[in-house]
2 protein chains.
Amino acid sequence: MYNNKLPTIKEIARRLNVSASTVSRALHHHPSIGLVTTMRVHKVAQELGYEANKTAIYFKERKTYTIGVIIPDLSEPFFSSALTGIEDAAEASNYNVIIGQSLDNFEREKKIVENMKNHRVDGVLVSLTKETSTYAHFDSLKKYNIPVVFFDRVPNRQDINYVACNLVSGMLQAITKLVNMGHSRIGLINGPAKLAATLQRLEIYIQCLKQHHLPLNQDIIVSTTLAKADNRKAIDQLLSLNEPPAAVIVFNDYVLLDCIAAVKAAGLVVNKDISFISFANLPIWEYMESVPLASIEQFAGRQSSMAAGFLLQLINSAATPNVTEPPFLQHIIDSEMIDYTIAG
Amino acid sequence: MYNNKLPTIKEIARRLNVSASTVSRALHHHPSIGLVTTMRVHKVAQELGYEANKTAIYFKERKTYTIGVIIPDLSEPFFSSALTGIEDAAEASNYNVIIGQSLDNFEREKKIVENMKNHRVDGVLVSLTKETSTYAHFDSLKKYNIPVVFFDRVPNRQDINYVACNLVSGMLQAITKLVNMGHSRIGLINGPAKLAATLQRLEIYIQCLKQHHLPLNQDIIVSTTLAKADNRKAIDQLLSLNEPPAAVIVFNDYVLLDCIAAVKAAGLVVNKDISFISFANLPIWEYMESVPLASIEQFAGRQSSMAAGFLLQLINSAATPNVTEPPFLQHIIDSEMIDYTIAG
DNA sequence: GTGCCTTGCGCAAACGTTTGCGCTACGTTA
DNA sequence: TAACGTAGCGCAAACGTTTGCGCAAGGCAC
């Protein structure tokens with residue numbers, strides 16, 4: 001049934017009339033094995049095309065040299081480049097990467113965590129679902145000493161490891177730019193209320209307005225569920241005001257794409273009748289006619305590879321016996337406004 | 001050093017004064033274990049939060065319930081949606097997915113194959129590097145009975161399992177559409193010569209022209225390395241002809257984006273002075289001003305999930321003892337022209 | 001010649017789970 | 001009562017590798 005004629009340490013041992021332990025040590029160039037024996041072992045191993053059975057080692061060492069990555073959606077460039085960053089970091093340390101897409105579905109996220117726990121990954125990197133508001137499913141990983149590092153979409157608490165992006169820097173640059181251009185009525189198209197990023201953007205928006213001594217007008221703050229129709233409704237709502245804002249901060253570039261379509265449909269011209277600054281810095285703007293003044297880059301790759309670094313650090317520190325619990329690894333990367341009026 | 005107080009079958013057995021085999025069987029509801037014992041085992045397992053150590057099972061069963069996916073680049077939507085297709089198929093059969101990006105680098109591809117072999121994945125899905133022209137690194141997987149299924153970018157030989165996309169159907173639709181619009185001089189911007197897809201497109205292009213009794217003009221066939229500058233050079237070359245083609249088939253949508261930029265820079269208008277049909281059906285066209293007449297969809301998700309289905313089939317048939325070698329699983333999906341003049 | 005150190009290797013256990021086989025104790029049937 | 005069947009469980013091996021410990025043989029110093 002099984003093709004069990006794969007070369008193993010035992011087989012090499014049998015052929016050379018030595019013990020398996022000797023073979024194992026010889027293969028690792030252990031000093032207690034004589035040079036002659038070591039060479040003979042390597043020769044036979046070579047001939048047989050021996051390769052260590054990692055599953056046996058994983059089992060014995062209680063390590064799988066595998067990290068799990070849980071992200072909402074690979075089709076978003078942000079997450080696919082995040083994954084690339086993770087893969088690079090993992091490969092450099094000889095770790096494998098197994099992935100799970102939550103598709104922004106909480107139940108799927110839970111199931112993926114469960115699966116990765118069963119698979120005994122050595123650590124998990126997570127960017128949360130839009131729906132996630134409880135974190136008990138991650139606590140279950142502690143039982144197996146599986147460290148977790150969150151990135152970008154992180155829980156709103158401090159007893160975790162995470163890498164996130166500080167939007168203040170980018171948003172402040174954005175609003176400063178708009179003010180310098182003469183704008184004082186700056187609208188906001190925000191995301192769905194239950195998303196942490198939404199509240200965050202609102203707070204920063206308010207903070208930045210205050211910093212520029214601008215008034216806060218509730219009527220030019222609208223929101224969208226991120227669905228296409230809703231995006232258009234949001235911008236239409238702003239356009240239908242008596243005095244529409246001539247500059248709008250938009251939740252992200254995807255929302256903005258729909259907004260721009262709506263603006264055109266209304267017979268208005270982007271960057272003349274109305275200007276935008278958004279979040280994501282999508283590469284496609286380079287090819288578009290109507291573009292935002294700027295987009296705020298959140299550095300997917302940098303966030304994720306730093307998170308991966310944290311994770312590897314935690315994995316290694318868990319392997320060495322530590323008296324004191326290591327402190328939480330946390331870092332916040334500054335976002336940065338990418339100015340398209342300069343670049344292009 | 002190890003936190004070895006994780007619940008195991010042995011621990012449950014110890015607590016109940018039964019043997020480990022009894023516990024194992026009870027947990028699987030084996031009929032030879034009495035109802036009372038079975039219930040007691042489940043109760044204790046529940047209390048301890050027992051979860052089977054999969055690494056032990058993987059090791060014992062010589063299966064990892066993991067498939068490896070090797071693709072060039074996740075940042076291309078084609079491959080990220082391919083990966084999604086694979087993940088869905090795998091998840092439905094309780095398989096995990098580990099990924100490796102070759103980044104179109106042959107050496108990396110070889111290294112990834114090596115790594116996945118060591119990891120003892122149950123099977124591998126591959127979309128080849130642009131550089132790959134030898135396949136010995138995949139042969140080494142046979143030794144471990146690890147089946148391989150290629151998709152989209154497949155080797156040019158028949159002794160393999162693969163799912164590919166037939167471009168004839170889409171290209172024929174495209175040229176037919178152009179002919180119906182009155183075009184008889186239809187150009188081609190092709191890819192780099194060493195890419196299999198390039199030769200394929202050229203052959204089909206010739207074949208389709210012949211089918212419409214159109215002459216073949218070498219001067220309206222150009223090529224690009226896919227680099228941005230080269231893309232623009234290719235279209236400029238066509239535009240500089242005495243009689244530029246008014247319709248051009250383009251290698252893919254990414255190349256076309258640069259071509260469109262060049263056309264605009266030349267003061268010409270897309271779909272008036274010159275029209276395009278391309279490959280990939282990128283979602284962004286929906287938001288663009290200048291779009292091709294159509295783009296040919298190659299169905300990343302369909303290809304990859306069918307390939308995943310093939311792979312799972314091969315994995316399962318390898319597990320059951322077969323006298324005869326199973327035939328190669330091969331399928332070709334028809335491409336399809338997506339007509340943007342209808343849709344939008 | 002005695003004691004000690006070093007070199008080079010083998011023994012056996014361990015990791016957690018599954019499974020073929022065998023065993024006991026009981027119940028049934030003739 | 002003897003023979004037989006069966007329900008319910010345990011024993012032990014196996015998967016491949018690593019590693020602490022022990023042991024033998026040889027060399028060296030005294």
Side-chain angles (χ1 to χ4, degrees), chain A residues 1-42 44-45 48-65 117-120 122 144-145 319, chain B residues 1-42 44-45 48-65 117-120 122 144-145 319:
Chain A
M1 177 145 173
Y2 290 124
N3 179 1
N4 43 16
K5 277 312 139 212
L6 291 178
T8 74
I9 278 192
K10 287 186 183 177
E11 175 65 13
I12 299 177
R14 200 186 56 74
R15 298 208 179 196
L16 288 173
N17 274 324
V18 296
S19 74
S21 25
T22 299
V23 175
S24 173
R25 281 188 257 250
L27 289 173
H28 292 87
H29 289 101
H30 194 282
S32 83
I33 303 298
L35 189 56
V36 195
T37 312
T38 301
M39 279 176 27
R40 293 208 307 150
V41 166
H42 274 97
V44 174
L48 265 56
Y50 169 79
E51 294 170 78
N53 183 336
K54 296 258 181 172
T55 63
I57 299 176
Y58 294 163
F59 166 51
K60 189 169 174 33
E61 306 229 314
R62 296 176 166 85
K63 276 201 72 170
T64 55
Y65 295 92
K117 181 175 60 184
N118 286 339
H119 203 277
R120 297 290 196 275
D122 292 343
Y144 292 96
N145 283 325
Chain B
M1 180 145 172
Y2 291 123
N3 180 1
N4 44 15
K5 276 312 141 212
L6 292 178
T8 73
I9 277 194
K10 288 186 182 176
E11 175 65 14
I12 298 176
R14 200 186 57 74
R15 297 208 180 197
L16 289 173
N17 273 324
V18 296
S19 74
S21 25
T22 300
V23 175
S24 174
R25 282 188 257 253
L27 289 172
H28 292 86
H29 289 99
H30 194 282
S32 83
I33 304 298
L35 190 55
V36 196
T37 310
T38 300
M39 280 178 24
R40 293 207 308 149
V41 167
H42 274 97
V44 174
L48 265 55
Y50 168 78
E51 294 170 77
N53 184 336
K54 296 257 180 169
T55 63
I57 299 176
Y58 293 164
F59 167 51
K60 189 170 173 34
E61 307 231 310
R62 296 176 166 85
K63 277 201 72 170
T64 55
Y65 295 94
K117 180 176 60 183
N118 285 340
H119 203 275
R120 298 289 195 276
D122 292 344
Y144 292 96
N145 284 325

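Quick caveat, the model's predicted, so the values are computed rather than measured. All chains are named by letter (A, B, ...) in the order of the sequence lines, taking the proteins before the strands, and each is independently numbered beginning at 1.
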* Taking only residues at least two apart or on different chains, which pairs with a member in residues 9-32 of chain B satisfy ring pair (Phe, Tyr, Trp, His ring centres under 6.0 Å)? ->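 For residues 9-32 of chain B, and leaving out neighbouring residues, the ring pair (Phe, Tyr, Trp, His ring centres under 6.0 Å) pairs sorted by first residue read B:His29-B:His42.
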
Please state how far atom [atom1] in [X] lies from atom [atom2] in [N], giving the value in whole angstrom units.
{"X": "B:Lys63", "N": "C:dT18", "atom1": "NZ", "atom2": "C1'", "answer": "16 Å"}
{"X": "B:Arg25", "N": "C:dT18", "atom1": "CZ", "atom2": "C1'", "answer": "8 Å"}
{"X": "B:Leu6", "N": "C:dT17", "atom1": "CG", "atom2": "P", "answer": "10 Å"}
{"X": "B:Arg62", "N": "C:dT19", "atom1": "CZ", "atom2": "P", "answer": "13 Å"}
{"X": "B:Lys10", "N": "C:dT17", "atom1": "NZ", "atom2": "C1'", "answer": "9 Å"}

- How far does the helix from C:dG1-D:dC30 to C:dA30-D:dT1 bend, going by the axes of its first and last five pairs, to the nearest 10°?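 Answer rounded to 10°: the end axes differ by 60°.
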
B:Tyr65 meets the ring pair (Phe, Tyr, Trp, His ring centres under 6.0 Å) criterion, sequence neighbours left out, with B:Tyr95

For the pair A:Thr55 (side chain) and B:Tyr58 (backbone), establish whether a donor and an acceptor sit closer than 3.5 Å, ignoring hydrogens and angles. no

query = Does B:Phe59 lie flat on the base of D:dC15, that is, centres under 5.5 Å apart and planes under 30° off?
reply = yes

Answer yes or no: side-chain N or O of [X] and base N or O of [N] forming a donor-acceptor pair under 3.5 Å.
{"X": "A:Arg14", "N": "D:dG16", "value": "no"}
{"X": "B:Arg40", "N": "D:dG8", "value": "no"}
{"X": "B:Arg120", "N": "D:dG16", "value": "no"}

Tell me which of A:Thr22 and B:Ser19 sits closer to the 5' end of DNA chain D, going by the nucleotide each one is nearest to.
->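 This one resolves to B:Ser19.
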
Worksheet item: If you find the nucleotide of DNA chain D closest to B:Val36 and the one closest to A:Ile9, which residue's nucleotide is nearer the 5' end?
Response: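 The residue mapped nearer the 5' terminus is B:Val36.
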
Go through the structure and list residues passing side chain to side chain donor-acceptor pair (under 3.5 Å) with [X], not counting sequence neighbours.
{"X": "A:Thr37", "value": "none"}
{"X": "B:Asn118", "value": "none"}
{"X": "B:Ser21", "value": "B:Ser19"}

Got a sec, which residues hit side-chain contact (heavy atoms from CB on, under 4.5 Å) with B:Arg14, two or more places apart in sequence or on another chain?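 side-chain contact (heavy atoms from CB on, under 4.5 Å) check on B:Arg14 returns B:Glu11.
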
**Item:** Sequence-distant partners of B:Leu16, side-chain contact (heavy atoms from CB on, under 4.5 Å), two or more places apart
**Value:**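 By the side-chain contact (heavy atoms from CB on, under 4.5 Å) rule, B:Leu16 matches B:Ile12, B:Val18, B:Arg40, B:Val41, B:Val44.
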
Heavy atoms from C-beta onward define the side chain here; which of [options] lies closest to that of [X]?
{"X": "B:Lys60", "options": "D:dG16, D:dC11, C:dG16", "value": "C:dG16"}
{"X": "A:Ser21", "options": "D:dC11, C:dC11, C:dT18", "value": "C:dC11"}
{"X": "A:Thr8", "options": "D:dG10, C:dC9, D:dT17", "value": "D:dT17"}

**Report entry** Closest contact, heavy atoms only, B:Ala52 versus B:Ile57
**Finding:**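 Smallest heavy-atom distance, with atoms named: CB-CD1, 4.0 Å.
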
Q.
How close do B:Ala45 and B:Leu27 get, counting heavy atoms only, and between which atoms?
A.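 Reported closest heavy-atom pair: CB-CD2, 4.0 Å.
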
Note: contacts of residues 48-58 of chain A with DNA chain C (heavy atom, under 4.0 Å) are none

### Query
What are the residues of residues 27-35 of chain B, sorted by number, that bring a heavy atom to within less than 4.0 Å of DNA chain C?
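Correct list: B:His28.
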
Residues passing the salt bridge (Lys or Arg N to Asp or Glu O under 4.0 Å) test with B:Lys54, sequence neighbours excluded, are none

Walking DNA chain C from its 5' end, the first of A:Thr37 and B:Ser24 to be reached, judged by nearest nucleotide, is A:Thr37

First locate atom OG1 of B:Thr8, then atom CG of B:Leu48, and finally report the distance between them rounded to the nearest 0.5 Å.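 B:Thr8 atom OG1 to B:Leu48 atom CG measures 9.0 Å (nearest 0.5 Å).
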
